[in-house]
Amino acid sequence: MTRLSVNINKIATIRNARGGNIPDVHRAAIECERFGADGITVHPRPDERHITYNDVRIIRPDIKTEFNIEGYPSEKFIKLVCEVKPHQVTLVPDPPDVLTSNAGWDTIKHNDFLKDVIAVFREKGIRISIFIDTDISKIEAAVNTGCHRLELYTEPYASGFPYGPEKAIQPFIKAAEAARELGLGLNAGHDLNLDNLKYFSENIPWLNEVSIGHALISDALYLGLQNTIGMYKRLLSE
Ligand code: PXP
């Protein structure tokens, strides 16, 4: 079954709006797990505008499910990941000032860079996933970087879904098939929500994991965190 990793960055965004420790990001991570999340994702950015590097260190020892750290592999990021040793690191090609991740890696252009970074994480026994678009040539070029999984950037699926789910999912099925044939595991994330998640996961049943933040934390405002996580989990298991 596809696993649900809850991205808790948005909770840190609310906390940072005021300073202090409300809402408590550490507690939120523990509660997400208690309510059924299969993993916790954090995305520390260089300006620490949501999750801070210190949050990552504090949360890590108490995560009983899968801890996934995503981000651009700057020197500081690599050092943090090697220190904290999450179960999975997801490499994202974000420029530092971008609002949110908005593209996958160019695995052809940055092949040597990715190879070097991935070798460091492999040595620490950390699973590596790389954020990628549905372009098959980029997927094929990912294999020799040494990554274990790909995370499909699902924003184009989410934005196309209301106008025609079948058309929106097609490139993702092709990309997912290519990844499977190449022996790579598969994650997905970005703009997945209660409307579009079920269709995505039932069309790609070999999907290992989805990472969801913005919509899930927003739904929790209306529906409660426990109820919301239960709803997302049901969509993945039906
Ligand atoms: N995956 C990656 C690599 C991301 O950068 C993000 C956003 O931080 C997500 C998944 C989750 O996207 P969303 O917040 O839209 O659910």
Side-chain angles (χ1 to χ4, degrees), residues 2-72 74 76-77 79-81 83-90 92 94 96-102 129 131 151 154-155 158 187-197 209-237:
T2 304
R3 295 162 71 88
L4 172 68
S5 185
V6 175
N7 178 321
I8 57 169
N9 264 38
K10 278 279 128 60
I11 296 172
T13 306
I14 299 174
R15 177 199 60 191
N16 297 353
R18 270 289 169 100
N21 198 33
I22 299 175
D24 181 336
V25 172
H26 177 263
R27 178 176 168 194
I30 308 291
E31 298 289 13
C32 285
E33 285 193 312
R34 194 163 69 84
F35 297 151
D38 304 299
I40 300 296
T41 292
V42 292
H43 190 147
R45 292 183 188 271
D47 59 6
E48 302 191 284
R49 66 180 183 272
H50 8 244
I51 286 281
T52 66
Y53 277 52
N54 207 34
D55 286 330
V56 178
R57 292 190 180 96
I58 291 170
I59 292 165
R60 172 65 184 110
D62 294 324
I63 300 299
K64 303 282 180 281
T65 57
E66 181 202 81
F67 194 46
N68 175 44
I69 306 182
E70 56 183 40
Y72 179 82
S74 62
K76 197 175 163 199
F77 179 88
K79 210 163 146 242
L80 176 77
V81 173
E83 174 197 328
V84 163
K85 291 205 196 76
H87 303 96
Q88 176 174 272
V89 59
T90 301
V92 182
D94 285 1
D97 52 350
V98 77
L99 199 57
T100 181
S101 313
N102 55 11
S129 177
F131 200 47
E151 180 179 325
T154 48
E155 191 282 331
N187 298 342
H190 225 283
D191 291 317
L192 294 174
N193 61 35
L194 286 173
D195 294 328
N196 62 32
L197 178 62
E209 177 181 299
V210 286
S211 158
I212 308 184
H214 185 78
L216 189 153
I217 301 302
S218 303
D219 290 331
L221 292 175
Y222 313 118
L223 306 168
L225 190 56
Q226 180 165 15
N227 192 22
T228 301
I229 291 178
M231 289 168 82
Y232 277 82
K233 289 272 293 178
R234 276 195 293 284
L235 293 179
L236 293 170
S237 65

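Numbers here simply count residues along the sequence, with the first being 1. Worth saying up front: this structure is predicted, and the values here are computed from it rather than measured.
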Please list, chain by chain and in numerical order, all residues satisfying salt bridge (charged side-chain N to carboxylate O under 4.0 Å, His left out) with Glu83, sequence neighbours excluded. Arg57
Has the side chain of Thr228 got a donor or acceptor atom that lies under 3.5 Å from a matching backbone atom of Gly224? yes
Ile11 side chain reached by Ile51 side chain, heavy atoms, under 4.5 Å: no
Which salt bridge (charged side-chain N to carboxylate O under 4.0 Å, His left out) pairs, counting each pair once, include a residue from residues 214-236, with sequence neighbours left out? Asp38-Lys233
Rounded to the nearest 0.5 Å, what separation is found between the CG atom of Leu4 and the CG atom of Leu216? 6.5 Å
With sequence neighbours excluded, tell me which residues meet side-chain contact (heavy atoms from CB on, under 4.5 Å) with Thr65. Glu33, Ile63
According to the salt bridge (charged side-chain N to carboxylate O under 4.0 Å, His left out) rule, which pairs have a member within residues 6-21, sequence neighbours left out? Arg15-Asp55
side-chain hydrogen bond (donor to acceptor under 3.5 Å, both in side chains) partners of Ser5, counting only residues at least two apart: Thr41
Could you work out, with side-chain hydrogen bond (donor to acceptor under 3.5 Å, both in side chains) as the rule, every residue matching Thr90, not counting sequence neighbours? Asn68
Flag the pair Asp47 and Arg45 as a salt bridge only when some basic side-chain nitrogen lies within less than 4.0 angstrom of an acidic carboxylate oxygen. no
Side chain to side chain contact (heavy atoms under 4.5 Å, CB included), that's the test. Do Ile8 and Ile59 meet it? Break it down for me. CA-CA 11 Å; Ile8 57 169; Ile59 292 165; 3.9 Å; yes
Exercise: do Asn187 and Gln88 side chains pair donor with acceptor under 3.5 Å: yes
Starting from the C-alpha separation in whole Å, work towards a yes-or-no answer on side chain to side chain contact (heavy atoms under 4.5 Å, CB included) for Phe67 and Lys85. CA-CA 9 Å; Phe67 194 46; Lys85 291 205 196 76; over 6 Å; no
Rounded distance (nearest 0.5 Å) linking atom CG of Leu223 with atom CE of Met231: 5.0 Å
Nearest 0.5 Å please: distance from the CD1 atom of Ile229 over to the CD1 atom of Ile212. 10.5 Å
Is there a side chain to side chain contact (heavy atoms under 4.5 Å, CB included) between Glu209 and Glu66 once you walk through the steps? CA-CA 11 Å; Glu209 177 181 299; Glu66 181 202 81; 2.7 Å; yes
Can you tell if the side chain of Val89 reaches within under 4.5 Å of the side chain of Ser129, non-hydrogen atoms only? no
Glu151: what forms a salt bridge (charged side-chain N to carboxylate O under 4.0 Å, His left out) with it, not counting sequence neighbours? none
Return all side-chain donor-acceptor pairs below 3.5 angstrom for residues 22-31, not counting sequence neighbours, or 'none' if the list is empty.
unit_1: Asp24; atom_1: OD1; unit_2: His26; atom_2: N; d: 2.9
unit_1: Asp24; atom_1: OD1; unit_2: Arg27; atom_2: N; d: 3.1
unit_1: His26; atom_1: NE2; unit_2: Asp62; atom_2: OD2; d: 2.7
unit_1: Arg27; atom_1: NE; unit_2: Glu31; atom_2: OE2; d: 3.3
unit_1: Glu31; atom_1: OE1; unit_2: Arg34; atom_2: NE; d: 2.8
unit_1: Glu31; atom_1: OE1; unit_2: Arg34; atom_2: NH2; d: 2.7

Qualifying residues under side-chain contact (heavy atoms from CB on, under 4.5 Å), relative to Ser74, sequence neighbours excluded: Tyr53, Tyr72, Lys76, Phe77
Sorted by chain and residue number, the side-chain contact (heavy atoms from CB on, under 4.5 Å) partners of Asn193 (sequence neighbours excluded) come out as Asp195, Asn196, Ala215, Tyr232
Without swapping roles, check the side chain of Asn7 against the backbone of Ser211 for a donor-acceptor pair under 3.5 Å. no
Step by step, would you call Phe35 with Asn227 a side chain to side chain contact (heavy atoms under 4.5 Å, CB included)? CA-CA 8 Å; Phe35 297 151; Asn227 192 22; over 6 Å; no
When rounded to the nearest 0.5 Å, the distance separating CD1 of Ile14 from CG of Asn9 is 11.5 Å
Tell me every residue that passes side-chain hydrogen bond (donor to acceptor under 3.5 Å, both in side chains) with Thr13, counting only those two or more places apart in sequence or in another chain. His50
Set of side-chain hydrogen bond (donor to acceptor under 3.5 Å, both in side chains) partners for His43, sequence neighbours left out: Glu70, Asp94
